[in-house]
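Below, chains carry the letters A, B, ... as their sequence lines are ordered, and counting in each starts from 1.
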2 protein chains.
Amino acid sequence: MSSAKGISGGISGAASGVNLPVLRSHNTALVLDLLRTAGPDGISRLEVADRIGLTPQAVSKITARLRAEGLAAEAGRRASTGGKPRTVLRLVPEAGHAVGVHLDRDALRAVLVDLTGAVVAERGASLDLGAGKAAVVDGVVREVSALVEGRGTLLGVGVGLPGPLDHALGVLHRVTGFPEWDGFPLREELERALGVSVVVDKDTNAAALGLAVGGQGESFAYLHFGAGLGGALVLGGVVHRGARTGAGEFGHQVVQLDGPVCECGNRGCVEALCLAAVGRGDYEEAARVLGTGAANLVALLDIDVVLLGGRTVAARPECFVRGAAAVLEERGRRVGEDAVPVRVAPGGGREVAEGAAQLLLAPLFGRGEG
Amino acid sequence: MSSAKGISGGISGAASGVNLPVLRSHNTALVLDLLRTAGPDGISRLEVADRIGLTPQAVSKITARLRAEGLAAEAGRRASTGGKPRTVLRLVPEAGHAVGVHLDRDALRAVLVDLTGAVVAERGASLDLGAGKAAVVDGVVREVSALVEGRGTLLGVGVGLPGPLDHALGVLHRVTGFPEWDGFPLREELERALGVSVVVDKDTNAAALGLAVGGQGESFAYLHFGAGLGGALVLGGVVHRGARTGAGEFGHQVVQLDGPVCECGNRGCVEALCLAAVGRGDYEEAARVLGTGAANLVALLDIDVVLLGGRTVAARPECFVRGAAAVLEERGRRVGEDAVPVRVAPGGGREVAEGAAQLLLAPLFGRGEG
DNA sequence: CTACTTTCGCAACGCTGTTGCCAAAGTGCA
DNA sequence: TGCACTTTGGCAACAGCGTTGCGAAAGTAG
């Protein structure tokens, strides 16, 4: 996966031609992403040029534009290696902000992040998803407005909530437990009420995007075990949503033919087995089942790491990590490869809100389809 | 998935900058792909311009180059719509050829295809993968040489064979049943012996690439049920190989916790269950298990279609299609969506060889990482 | 035959990254 | 302290990309 592919070899039917403005914004995004990844330590022009494969002169032109626009700034110099020392560039975090909103079944959490993705401010409120559309929209508008009060440049608002929904259109489907939301154009309604760009995505997808941007890996599965069991996939640095934002349905993977009935109507789903085990207090078994499902993903998708999140995992992180890792280690032994590692996803319960903000930020850095 | 994304939002670490030559070859590939897709009927310049989002003038420049290079030609005119009639362009099939080789456990099949992917000539031979490296390499060289005798422009040779292996490096791993191949640099050896470019891939991946290029869908799973049970994934028009060419391991997806032991050492693999059912003569059950595994993929990846191939399926196509489709239809009812269709993959036993040839052709048309 | 529509190439243009060159700013040694 | 050398990075000229403006070519409609 180290091939230097610069232009999408993707969807032929939808792939579009590239002209100079598109080329320019692509290269600019690459530079911005390197500046972001470098963090406060910064990165030199020559290193940027080397990493993205353009000449130093081209990078100088691009960074000059970025500095003129206030997105980048000089940040000291490196030690000399026998000649003129390199000038270090860094991203200006406060040059832009975005809001991420996590709409859960019974609560709302909103964060304001800067260009680097760091949380600048945060708010929370209790909010029943079943309380009606107007109440929920009003609640989001209230919290977002309070957060952005007095800030200058707001790129937009990202919202992560339980699916199913349509990410591209921003329309909800029959949100599990709240069928009355079916067909509601949440994106459109919020854009009208807030007057800024809004992007909507499944909660797990938002969290996975945040983890991907945060450098957790190029290809991984994020498994969220809270009241239910969900998941999201990052393949080659990109969140895989599928054509209908339906991808990542990890909870209803069948791992026991003709097993116990799940509330989805199927039998032997990972979620049903895990919830049953947790209900019995048998967390070891829950971890083993989770690990079996994870091992299926590893075999199917050849991912690099498995990240665990959610309340149930957070209550016993070592147990779930150890139990799932044991299954993957045995698989590694069988196929003669190093085991794929299992880790707890960082975030501390804010991962969905932070990831939702990345729905707006990521396109700036060439991640996502924006 | 209709967003017109022209430039990859992909792997930030490996994503590379785009300069004018890269831009040019990208747009040229898009035009070539449209010419290929249009077939012998051809396509007009204005339609190309409309599809890829460039101006007609830019398309005229690109097609003028292609005609000068002999890759495209004029092919009559369309009926007028009130003005000058459109000139139709088509791909010149004989402007380039590629060879695809299918190395199976006991046989070799090689096809010579033209630019459109149509088979021009074909050869077969019996060849034991266990007969030793020199014998196998010699066998491939002999058949390929006989095929290309007297042809002008050979783009290269693609080879599809059982995994695991490393697609990027062209190095084999412990090929199932033939551990002596571990570490053998097949690509390098063949390039030296043949003097042309060689690309190596898993047999199922090659077949899936051929199906993707052949217009079978944007996102699908190809499930190959022969002596064993394998698979390959096409996501967003691109074969998903994973970082180590390990993706697509469908046969060893666990669908029955603590089920019967599989020869891979695990328990309850789809392959073990399907083979056992077939061994009992219970094809309905084999189809049901296969369908359950397929339904897992549909839920996890949100794919558009499931394609079945392989000897065992070919022996009872209706049975497997019907049985698997039944599982997917029930899933569709549960989640309130149309069922994902199941079809038999076209190809008639040549799909791996034809797909292997596409390992060389596809990059010309902007598909794959070439 | 005239008016109109549509296709498509030529020429000029703006903007991209590249190349050649040189000033700036360090290190290292005499 | 001074000189040679290395490395960085900006200025200017350049080649090549798609775009724009315009006109010739090739049809239809009346």
Map Leu54(A) and Arg86(B) onto DNA chain C by nearest heavy atom, then report which one ends up closer to the 5' terminus.
Arg86(B)
Got more than 12 heavy atoms from elsewhere within 6.0 Å of CD, Glu188(B)?
no
With a 4.5 Å heavy-atom cut-off, do Val92(B) and Leu71(B) have their side chains touching?
no
Nearest whole Å is fine: how far is dG14(C) P from Leu20(B) CG?
17 Å
Could you tell me the separation between the CG atom of Leu89(B) and the P atom of dC8(C), rounded to a whole number of Å?
8 Å
To the nearest Å, how far apart are Arg78(A) CZ and dG9(D) P?
11 Å
With a 4.0 Å cut-off on N to O distance, would you call Asp304(A) and Arg244(B) a salt bridge?
yes
Are Arg367(A) and Asp33(A) side-chain neighbours, meaning at least one heavy-atom pair lies under 4.5 Å?
yes
Under 4.0 angstrom between Asn19(B) side-chain N/O and dT16(C) OP1 or OP2
no
Of the candidate nucleotides dG17(C), dG9(D), dC8(C), which contains the atom at the shortest distance from the side chain of Ile62(A)?
dG17(C)
Whole-Å gap separating P (dT8(D)) and CD1 (Ile43(A)):
14 Å
So, is Asn27(A) close to the dT16(C) phosphate, meaning a side-chain N or O under 4.0 Å from OP1 or OP2?
no
Interatomic distance, His26(A) NE2 vs dG17(C) P [rounded to whole Å]:
11 Å
Okay, side chain of Ser197(A), backbone of Gly156(A): is any donor-acceptor separation there less than 3.5 Å?
no
For Thr55(B) and dG18(D), is the shortest distance between a side-chain N/O and OP1 or OP2 below 4.0 Å?
no
Lys61(B) side-chain proximity, nearest of dT19(D), dT16(C), dG17(C):
dT19(D)
Gly246(A) backbone acceptor or donor facing Asp302(B) side chain under 3.5 Å
yes
Starting at atom CZ of Arg45(B), determine the distance to atom P of dG18(D), rounded to an integer number of angstrom.
15 Å
Measure the distance from CG on Leu46(B) to P on dG9(C) and round it to the nearest whole Å.
10 Å
Per-nucleotide protein contact along nucleotides 22-30 of chain D, 5' to 3', at a 4.0 Å heavy-atom cut-off (B base, S sugar-phosphate only, - neither), is ---BBBS--
Taking the basic N atoms (NZ, or NE/NH1/NH2) and the acidic carboxylate oxygens, is any pair closer than 4.0 Å for Glu191(A) and Arg187(A)?
yes
Would you tell me if any nitrogen or oxygen in the side chain of Ser60(A) comes within less than 4.0 Å of OP1 or OP2 on dG9(D)?
no
For atom CZ of Arg24(A) and atom P of dG16(D), their distance in whole Å
22 Å
Regarding Thr87(B), tell me which of base, sugar-phosphate or nothing describes its non-hydrogen contacts under 4.0 Å with the strands shown.
sugar-phosphate
